[in-house]
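Heads up: the structure comes next, in structure tokens.
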There are 2 protein chains.
Amino acid sequence: MLETAILGLLNSAPLHGYELRKRLNLLLGSFRAFSYGTLYPALKSLVARGLIETTEREAPAPAGRASGTRQAGAKSSGKAPLSGRRGRIVYRLTADGKEHLQTVLASSGPAAWEDENFDVRFAFFAQTDAETRIRILEGRRTRLTERLEAVRESAARTRERLDEYTLELQRHGLEQVEREVRWLDGLITTERDRALGRARDHSAGAQDAPAQRNKERG
Amino acid sequence: MLETAILGLLNSAPLHGYELRKRLNLLLGSFRAFSYGTLYPALKSLVARGLIETTEREAPAPAGRASGTRQAGAKSSGKAPLSGRRGRIVYRLTADGKEHLQTVLASSGPAAWEDENFDVRFAFFAQTDAETRIRILEGRRTRLTERLEAVRESAARTRERLDEYTLELQRHGLEQVEREVRWLDGLITTERDRALGRARDHSAGAQDAPAQRNKERG
DNA sequence: TCACGATGTATCGACTCGATACGTCGTGAC
DNA sequence: GTCACGACGTATCGAGTCGATACATCGTGA
């Protein structure tokens with residue numbers, strides 16, 4: 001799923017690795033944080049498969065012996081030769097990459113709503129059509145409800161022999177998941193309303209409020 | 001941290017791998033789920049370091065050639081020779097293991113409140129003394145507050161160029177962490193009250209209510 | 001009788017993280 | 001002036017982890 005995130009970000013603008021990682025971790029907020037040990041191999045793989053390409057703008061290396069020991073002395077070549085710091089490697093989507101991204105963003109199978117994928121898919125909902133959005137949200141909701149059920153049942157079978165702290169940990173975990181389900185409910189409702197409003201009456205373009213109208217649901 | 005969880009569970013009773021994993025995943029609830037690919041190497045390492053030992057009760061292998069190809073034919077040796085299914089490998093804490101576990105449970109350094117350790121430490125709070133519990137809860141709280149601050153600041157610097165869904169994802173992530181902080185607040189309060197009550201007045205043993213009195217703080 | 005699922009031990013490949021290395025550049029303390 | 005420090009920037013390594021899988025036993029029920 002890192003790959004999808006990379007493609008999604010590069011779809012807006014070409015970026016180099018460092019910036020890519022910053023935006024990635026901003027995008028996913030407090031959910032996940034990818035490290036360079038994950039990012040660079042993924043970039044390499046994407047290049048190898050022709051989905052992205054490197055465009056070495058602002059590279060100070062003249063030609064040949066690119067990453068050699070490059071003797072000191074290039075320091076005096078004036079400051080800011082183009083505009084950036086140093087030879088960064090800027091990545092850009094290829095035509096294949098764009099196509100692949102569209103395919104992925106249009107998919108709404110089980111893979112889209114598993115733990116490790118959902119937040120990335122959600123982050124690019126703006127590039128996903130409404131039907132797919134709803135299907136993914138509903139799939140995610142079902143997935144969480146199932147898990148809730150499994151944990152509850154499993155806990156019911158072994159309740160008596162757990163100490164208070166373990167119990168509290170379980171209670172808190174369940175509560176977090178329940179809250180997540182309610183969050184999804186709000187999003188689904190908003191999406192449905194939007195879809196209906198758009199279909200039924202699209203002349204009065206006033207109530208086009210975005211998806212976070214579900215703030216004050218205690 | 002898997003190791004601490006294993007030692008903590010084996011401190012109550014000797015267990016075999018399969019049962020250990022079940023309890024592990026019940027213990028950590030919806031937080032984490034360790035797989036066998038993690039569990040068995042960890043067990044092996046613990047045995048090698050002398051913190052746990054195997055006691056092969058209920059083993060059908062007679063002697064020698066223990067894990068050899070064991071020809072079919074042992075099937076007719078009567079059902080339920082002892083009580084269990086098959087030769088399981090039961091693990092048990094050694095004296096060194098008990099000592100090590102006590103040392104770990106008494107520690108309250110930064111390692112105790114990081115993401116990957118906190119829930120395991122919390123799950124064994126019943127075996128941890130009150131002072132350590134409070135220190136870990138407060139450390140965890142500080143950690144989360146710092147992260148909250150960092151994400152908020154980082155988001156403030158780049159707010160304008162994010163679409164509604166990304167924004168909503170961030171908002172939701174922040175809210176989850178805020179809720180976690182409030183949960184910790186409730187636990188810390190409860191722990192402080194308990195410590196005070198125990199010190200000031202320990203004759204009226206009626207109000208010894210456990211730690212989940214913070215349910216209806218919404 | 002025999003397929004299936006629960007129980008049980010064990011490993012492999014792929015992925016990810018955190019630490020680290022190496023290097024450039026701007027800034028501010030002294 | 002210089003030089004330490006931190007931001008920027010690319011890259012890899014070891015350790016830990018997951019999911020899938022393999023293999024084997026046993027009870028149950030079609």
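Reminder, nothing fancy here: chain letters follow the sequence lines and each chain counts from 1.
A cation-pi arrangement, defined by a distance under 6.0 Å to the six-membered ring centre and an angle within 45 degrees of its axis, is absent between Arg88(A) and Tyr18(A). For the pair Arg21(A) and Phe34(A), the cation-pi test (distance below 6.0 Å, angle within 45°) is failed.
Closest contact between the side chain of Tyr91(B) and the listed nucleotides dA10(C), dA11(D), dT17(D) involves dA10(C). Between dA7(D), dC18(D), dC17(C), one nucleotide has an atom nearer to the side chain of Ser35(B) than all others, and that is dC18(D). Each of dT17(D), dT10(D), dT9(C) was ranked by its minimum atom distance to the side chain of Phe34(B); first place goes to dT17(D). You'll find that the side chain of Lys22(A) is closest to dC8(D), out of dT10(D), dC8(D), dG8(C). Closest to the side chain of Ile89(B), out of dC8(D), dT9(C), dG18(C), is dT9(C).
With rounding to whole Å, Leu20(B) atom CG is found 9 Å from dT9(C) atom P. Between Leu15(A) atom CG and dT10(D) atom P there is a gap of 11 Å when expressed in whole angstrom units. When the C1' atom of dT7(C) is taken as reference, atom CZ of Arg23(B) falls 15 Å away, rounded to whole Å. Separating the CZ atom of Arg88(A) from the C1' atom of dG23(C) is a distance of 15 Å, rounded to the nearest angstrom. Here the P atom of nucleotide dC15(C) and the CG atom of Asn117(A) are 13 Å apart, to the nearest Å. The CE-P distance, from Met1(B) to dT17(D), rounds to 10 Å in whole Å. Rounded to an integer number of Å, the gap from Tyr18(B) OH to dC26(D) C1' is 12 Å. Going from atom OH of Tyr36(A) over to atom P of dT20(C) covers 16 Å, rounded to whole Å.
Between the Asp96(A) side chain and the Leu51(A) main chain, no donor and acceptor come within less than 3.5 Å of each other.
In this structure, Phe122(B) and Tyr165(A) have perpendicular ring planes: the angle between them is above 60°, well past the 30° mark. Ring pair Phe118(A)/Phe125(A) is perpendicular by interplanar angle, where above 60° counts as perpendicular and below 30° as parallel.
Taking Glu3(A) as the reference, Ser45(A), Leu46(A), Arg49(A) meet the side chain to side chain contact (heavy atoms under 4.5 Å, CB included) condition, with sequence neighbours excluded.
In the region residues 37-49 of chain A, proximity to DNA chain D at under 4.0 angstrom, judged on heavy atoms, holds for Gly37(A), Tyr40(A), Lys44(A).
Each of Arg140(A), Arg121(A), Arg143(A) was compared with Glu114(A) under the side-chain hydrogen bond (donor to acceptor under 3.5 Å, both in side chains) criterion, and only Arg143(A) meets it.
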